[in-house]
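Chain A is the first sequence line, chain B the second, and so forth, proteins listed ahead of strands; every chain is numbered from 1.
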Number of protein chains: 2
Amino acid sequence: MNIVEFAKTLNLSIGTVSRALNDRAEVSPKTRQLVLEKAEELGFVRNANARRLVTGRNYMIRLECPYSTHILSDRYLVELARGVEEVAGAHGYDLLLHLGTRRSNAVEVQDVDGLVIVAGPETTSDDLRTLTHAGQIPAVVISGAAPLEFPKAAFVSLDTLPGVREALARLAELGHTRVGYIGSGLSDDRVRDNFPRLMAEVGLTYDPTLSLEAGISADEGRKAALALLSSVEPPTALFARTDILATGAVLAVSQLEKSVPSDVSVIGHDNIEAAALVNPPLTTVDINIPDVAALAVRALLAMVIDKAEPTVQTLGAHLIVRKSCGPVRS
Amino acid sequence: MNIVEFAKTLNLSIGTVSRALNDRAEVSPKTRQLVLEKAEELGFVRNANARRLVTGRNYMIRLECPYSTHILSDRYLVELARGVEEVAGAHGYDLLLHLGTRRSNAVEVQDVDGLVIVAGPETTSDDLRTLTHAGQIPAVVISGAAPLEFPKAAFVSLDTLPGVREALARLAELGHTRVGYIGSGLSDDRVRDNFPRLMAEVGLTYDPTLSLEAGISADEGRKAALALLSSVEPPTALFARTDILATGAVLAVSQLEKSVPSDVSVIGHDNIEAAALVNPPLTTVDINIPDVAALAVRALLAMVIDKAEPTVQTLGAHLIVRKSCGPVRS
DNA sequence: CTGTTAGCGCTTTCAC
DNA sequence: GTGAAAGCGCTAACAG
């Protein structure tokens, strides 16, 4: 059924019906209600493509993950998609997905109303220019680093440093003074670079001999922890750059016939799925992805609907407290 | 630029241009080439919404995950989406995502050309009826169980049993005769229910006293393995229903001062991300999701494009061999 | 407040 | 092989 037939059964003109359906002010309340009720009853739904054609609006936003695997874990990606869908859907917008493996089906300006771009470390402002058709398509970019030089897009920067700081503050509170650091071996790492400063800020003194770059696997984490814990004056707490490394560190502790958290406290980073299922459940630094999604979509829809200026925002991580930290052994 | 302007610059009628762009036979080769070249040069792209309106085709398929978290892990979900996007994109179809938290933005018949439905254990044929508008929208459903009673949809059933069988065959080959089973504690589990039969099929005898229902966490897996390995005649190999349980089992082995795989072999199930990063890397049963995606989308597009009948297919799991299995200790 | 009408940009008959 | 013209179903501007 189309709007002509539908209007006919109501003895109204298509104009009136359209206005009622669009919630326009110029319709009398009774008419509006009648239309809405009858539409529900007869199952009339407007043809979205006709609306899109005539209004130039697509009621569609597209999630772009040009380098997906490099930035967000799958868990984060799914949560982000869910969050974006949630708040975009509440405003009547659907979610198109582009995981970025294919170059071919690039967006055209007319196809979507806005873009949520997940930027990786390698994303450049040129990429953004291409993706947004030189800023013609409203966009918000979510990035782990500082905003790129691209004033036409809104930015939501993720910053895990506040969470790391929270972690260290907690350790300090629990009486720890010797805190080890197990790194992921990346050449460029904000967390590692700011670790000494963060230590100082919570009143801890940073000891470079307690810092080791491990790698990516749990086993590398285990070995690093082993090395650290075997030193003359071993740390009483370990901060691991990733949860995977942290699980390795936990292994190392039990290998030394000690236990977490009574002998050694361990804190991870990323809150991967397994972090809660390990023994003991891992205290870890986490970014609240639903918050990220909400922030991003709101910024985007403000641009799309209200023609607002692009904004730049930052969202900090938090510490998820579970069971892998305890007071320092006296 | 629209097709009228574009046609004007070519001194052709819009009809001819449209036919050329649609690769219709009635256009002369030279004209077609001219049109294609100029379109590329001037950056002319047809308005998708106008095409959709007039053709009734959306070039869009929608991925429905009504109960996402219950069936597929996030890794599987992302891989599935990527796979679906890949092959659908190759045919010019875009991917809409519906993670199923919101009831409101349900699909209308006119909005998409087809549905890829990820079914959970709780999905009923009534759900399928609703989702597909009583079969009006072509759909393929991906499910872990047997196909539901809904003849209008195509099905791709996943069956991990072949992979489990492969795992047991390998264990048998390595000389193991006492194989323990660590279950996930679910009331209804195809793997557990078929485990004894599969054992028999590869020439192993199933011993119920070597079978324990653990739970979901690594620690429950550790405890179950500990119990199994402490029995009078302990198993030499452990099959864990999930990788999480398997990592717990590995822990138990080292806790008993033994090692994997030289003293005890361990096999997991699911191939979670962490499975490769653990020490030793876990041999595990995996479903090839890109294959699932390709199978599903091809079945769907056959229905959409060629009006083919819905098909019913099954895809089996495979064993991913890593380092957690070895020959039985002599 | 409601009805009428002109497009939105394209595909697809129907002529030639 | 190409051009002209009739819609696809809707919104929005314009009358009344």
Inter- and intrachain pairs under salt bridge (Lys or Arg N to Asp or Glu O under 4.0 Å), touching residues 20-31 of chain B, at least two apart: B:D23-B:R32

side-chain N/O B:S28 vs D:dT2 OP1/OP2, d < 4.0 Å: yes

Using modelled atom types only, decide if a donor and an acceptor are shared between the side chain of [X] and the backbone of [Y] within a distance under 3.5 Å.
X      : Y     : result
A:R52  : A:N58 : yes
B:D113 : B:R57 : no
B:S18  : B:G15 : no

Geometric class of the A:Y93/A:Y59 ring pair [parallel <30°, tilted 30-60°, perpendicular >60°]: tilted

B:L97 and its side-chain contact (heavy atoms from CB on, under 4.5 Å) partner, picked from A:D94, A:V84, A:L96, A:L95: A:L95

The single option from B:I142, B:V118, B:V297 passing side-chain contact (heavy atoms from CB on, under 4.5 Å) against B:V292: B:I142

Given A:N271, A:D270, A:D286, the one that forms side chain to side chain donor-acceptor pair (under 3.5 Å) with A:Y76: A:D286

Members of residues 35-59 of chain A that approach DNA chain C, where some heavy atom sits under 4.0 Å away: A:L53, A:V54

Nucleic acid contacts of residues 1-22 of chain B, taken as heavy-atom distances under 4.0 Å to DNA chain C: B:N2, B:I3, B:I14, B:G15, B:S18, B:R19, B:N22

Sugar-phosphate, base or nothing in reach of B:R24, heavy atoms under 4.0 Å: sugar-phosphate

Audit row: B:N22, B:R51, side chain to side chain contact (heavy atoms under 4.5 Å, CB included) steps and yes/no: CA-CA 11 Å; B:N22 282 316; B:R51 300 188 68 198; 3.2 Å; yes

Closest contact, heavy atoms only, B:S125 versus B:E149: CB-O, 3.3 Å

First-last contacting nucleotides on DNA chain C - partner chain B, under 4.0 angstrom, heavy atom: C:dG9 to C:dT13

Residue B:Q33 excluded, over 12 heavy atoms near CD under 6.0 Å: no

B:Q110 vs B:A25, nearer the 5' end of DNA chain D by closest nucleotide: B:A25

Axis deviation across the helix from C:dC1-D:dG16 to C:dC16-D:dG1, five-pair ends, to the nearest 10°: 40°

A:N47 side chain to A:N2 side chain, donor-acceptor N/O pair below 3.5 angstrom: no

Partner residues of B:K38 under the salt bridge (charged side-chain N to carboxylate O under 4.0 Å, His left out) criterion, sequence neighbours left out: B:E41

